[in-house]
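Here the structure comes first, spelled out in structure tokens, and everything after it is commentary.
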There are 2 protein chains.
Amino acid sequence: MSLRHAILGILSIKPMSGYELKKVIDESVGHFWTADQSQIYRTLAGLVEDGLAVRRTVVQEERPNMHLHSVTDLGSAELDRWLASPLKARPSREPFLARLFFADRMPVERIRELLDTRRRELSGQLAALEAIEVPADAAEFGLGGVLRLATLANGIAHARTELDWLDATERRLEGITS
Amino acid sequence: MSLRHAILGILSIKPMSGYELKKVIDESVGHFWTADQSQIYRTLAGLVEDGLAVRRTVVQEERPNMHLHSVTDLGSAELDRWLASPLKARPSREPFLARLFFADRMPVERIRELLDTRRRELSGQLAALEAIEVPADAAEFGLGGVLRLATLANGIAHARTELDWLDATERRLEGITS
DNA sequence: CTCACATATATGCGATGTCCAATAGATGTC
DNA sequence: GACATCTATTGGACATCGCATATATGTGAG
């Protein structure tokens, strides 16, 4: 139910086509929210249908025409309503932990491989997050800038925590002979 | 696709009814995996249909009869296959971060409330995780015990990280006048 | 000339998941 | 006696999601 609002939020910053939306989502909120391309188009259609957004066809000569979507007053109100609504926090699913939970069916060596793979993936993700250009003076970008940098910092902090936890977990496993 | 395997994994530890399964899931893997009750029953039916588990009706006099589910050899093999299969790690969705990302549409005071609410929820979750009895000698419970304690430690580590991040984020907001 | 790639949108389908409600006996409480 | 709670299962309705696939045009590489 929240992709609607995420899209509404991004469109409120700047009107966009579905195609551009996909790219912006991947680059900005990608580390805590993903969206399938087809799902984006479907959601956009739903927003238009419900009057929360309007689409305007922009004729382009060097490219296929695109549908530019903007948030309506109704959509803006819905966005505010959502922001003020209570947030029920269901624990997020962690497939990796789910696997580790049952991994004692495998030999210890395999478990180490599981942890190593996880470490490699996380290192990459962390590097990608850290590579994002951070302006020296964050406050320059106003409240929105501070908040968006905070979500980035969140991703970095959790990635580091996960790496530390991997270290600790591998040390625990060292005591166990394979 | 993974609830199947989570259930298979738990059933491999001990045969259970759907009802007990729900409780065990909530108490053991609850902090990184949730399952709706009706979904559990449907998944169990699917497992039986596919021959990965068998159900046996146990007549109880003081309670309604129950269906005890056990993993078959086929199910056990499937579990091992899943453990060895590559794990594609899609970033988990964080509705709270999604909201914070667009929260600059609200007055700063509201944003602080958002953070405070999050802090209260997390403190509760952290306390719940820390309250879980941890045996002094974890290795006593073998490899499985070590791994399961590791998933618990993971939850605790991330909860603490999130609380620290909340502190830092609130400090950042202090500089901004409401 | 062909093939890959970027732009741009759309539909079908199945898997998965949540919410809600119904059923039903036993036990406990006010 | 009424009402809630625990055990235990089932089904319908509906939303969401991800994957695959289709279509169309322009650009640049080889």
Side-chain angles (χ1 to χ4, degrees), chain A residues 1-8 11 15-27 29-30 32-50 53 55-69 82 87-95 98, chain B residues 1-8 11 15-27 29-30 32-50 52-53 55-69 82 87-93 95 98:
Chain A
M1 187 56 94
S2 229
L3 180 59
R4 264 180 109 80
H5 298 108
I7 287 181
L8 222 40
L11 288 184
M16 274 177 224
S17 68
Y19 185 83
E20 190 181 358
L21 206 43
K22 167 65 175 159
K23 283 195 297 184
V24 168
I25 286 176
D26 287 347
E27 284 163 22
V29 299
F32 59 84
W33 201 276
T34 55
D36 182 75
Q37 168 258 108
S38 65
Q39 193 61 22
I40 289 174
Y41 283 103
R42 264 192 290 259
T43 304
L44 278 173
L47 289 175
V48 171
E49 201 185 341
D50 295 349
R55 68 169 19 155
R56 192 166 56 83
T57 301
V58 176
V59 178
Q60 299 183 119
E61 287 183 4
E62 299 187 350
R63 302 167 180 194
N65 296 344
M66 70 169 180
H67 303 311
L68 205 61
H69 296 81
W82 171 69
L87 181 66
K88 50 180 170 187
R90 257 191 263 90
S92 66
R93 296 187 160 188
E94 302 291 343
Chain B
M1 189 56 93
S2 227
L3 180 59
R4 265 178 109 82
H5 299 108
I7 287 181
L8 222 40
L11 288 184
M16 275 177 223
S17 69
Y19 185 82
E20 191 181 359
L21 205 44
K22 167 67 174 158
K23 284 195 298 184
V24 168
I25 287 176
D26 287 347
E27 284 162 24
V29 298
F32 59 83
W33 202 276
T34 56
D36 183 74
Q37 167 257 105
S38 64
Q39 192 63 19
I40 288 174
Y41 281 103
R42 260 193 289 262
T43 303
L44 277 174
L47 289 176
V48 171
E49 201 184 341
D50 294 349
L52 305 180
R55 69 168 17 159
R56 190 164 57 83
T57 302
V58 176
V59 179
Q60 299 182 118
E61 287 183 4
E62 297 186 352
R63 302 170 181 191
N65 295 345
M66 71 169 179
H67 302 310
L68 205 61
H69 297 79
W82 171 69
L87 182 65
K88 51 180 170 187
R90 258 192 261 89
S92 65
R93 295 188 160 186

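Naming: A, B, ... by sequence-line order, numbering from 1 per chain.
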Establish, with yes or no, whether the OP1 or OP2 oxygen of [N] is under 4.0 angstrom from a side-chain nitrogen or oxygen of [X].
X: B:Lys88; N: D:dG18; answer: no
X: A:Arg63; N: D:dT25; answer: no
X: B:Tyr19; N: D:dT7; answer: yes
X: B:Lys23; N: D:dC6; answer: no

Rounded off to whole Å, could you give me the [atom1]-to-[atom2] distance for the [X] and [N] pair?
X: B:Leu21; N: D:dT10; atom1: CG; atom2: P; answer: 13 Å
X: B:Asn65; N: D:dT10; atom1: CG; atom2: C1'; answer: 15 Å
X: A:Asp26; N: C:dA6; atom1: CG; atom2: P; answer: 14 Å
X: B:Arg55; N: D:dA8; atom1: CZ; atom2: P; answer: 14 Å
X: B:Tyr41; N: C:dT23; atom1: OH; atom2: C1'; answer: 13 Å
X: A:Ile40; N: C:dT11; atom1: CD1; atom2: C1'; answer: 16 Å
X: A:Gln37; N: C:dA6; atom1: CD; atom2: P; answer: 15 Å
X: B:His67; N: C:dA24; atom1: NE2; atom2: P; answer: 15 Å

(request) Check step by step if side chain to side chain contact (heavy atoms under 4.5 Å, CB included) holds for B:Leu52 and B:Arg4. (result) CA-CA 10 Å; B:Leu52 305 180; B:Arg4 265 178 109 82; 3.8 Å; yes

(request) Please assess A:His69 against A:Leu47 for the test side chain to side chain contact (heavy atoms under 4.5 Å, CB included), listing each intermediate value before the final yes or no. (result) CA-CA 9 Å; A:His69 296 81; A:Leu47 289 175; over 6 Å; no

Under 4.0 angstrom, heavy atoms only, what part of the nucleic acid is [X] near: base, sugar-phosphate, or nothing?
X: A:Glu20; answer: nothing
X: A:Gln60; answer: sugar-phosphate
X: B:Lys22; answer: nothing

Let me confirm one number: the [atom1]-[atom2] distance from [X] to [Y], rounded to the nearest 0.5 Å.
X: B:Asp26; Y: B:Gln37; atom1: CG; atom2: CD; value: 10.5 Å
X: B:Arg42; Y: B:Asp36; atom1: CZ; atom2: CG; value: 7.5 Å
X: B:Ile40; Y: B:Ile7; atom1: CD1; atom2: CD1; value: 5.5 Å

(message) Are B:Trp33 and B:Leu3 packed together at the side-chain level, in the sense that at least one heavy-atom pair is separated by less than 4.5 angstrom?
(response)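 A side-chain contact exists here, since the closest heavy-atom pair is under 4.5 Å.
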
(message) Ignoring hydrogens and geometry beyond distance, is a side-chain donor-acceptor pair present between B:His67 and B:Ser17 at under 3.5 Å?
(response) no

Nucleotides 12-17 of chain C: which of its N/O atoms have a protein N/O under 3.5 Å away?
{"from": "C:dG12", "atom 1": "O6", "to": "A:Arg42", "atom 2": "NH1", "distance (Å)": "3.1"}
{"from": "C:dG12", "atom 1": "O6", "to": "A:Arg42", "atom 2": "NH2", "distance (Å)": "3.4"}
{"from": "C:dT16", "atom 1": "OP1", "to": "B:Met1", "atom 2": "N", "distance (Å)": "3.1"}
{"from": "C:dG17", "atom 1": "OP1", "to": "A:Arg93", "atom 2": "NH1", "distance (Å)": "2.5"}
{"from": "C:dG17", "atom 1": "N7", "to": "B:Gln39", "atom 2": "OE1", "distance (Å)": "3.3"}

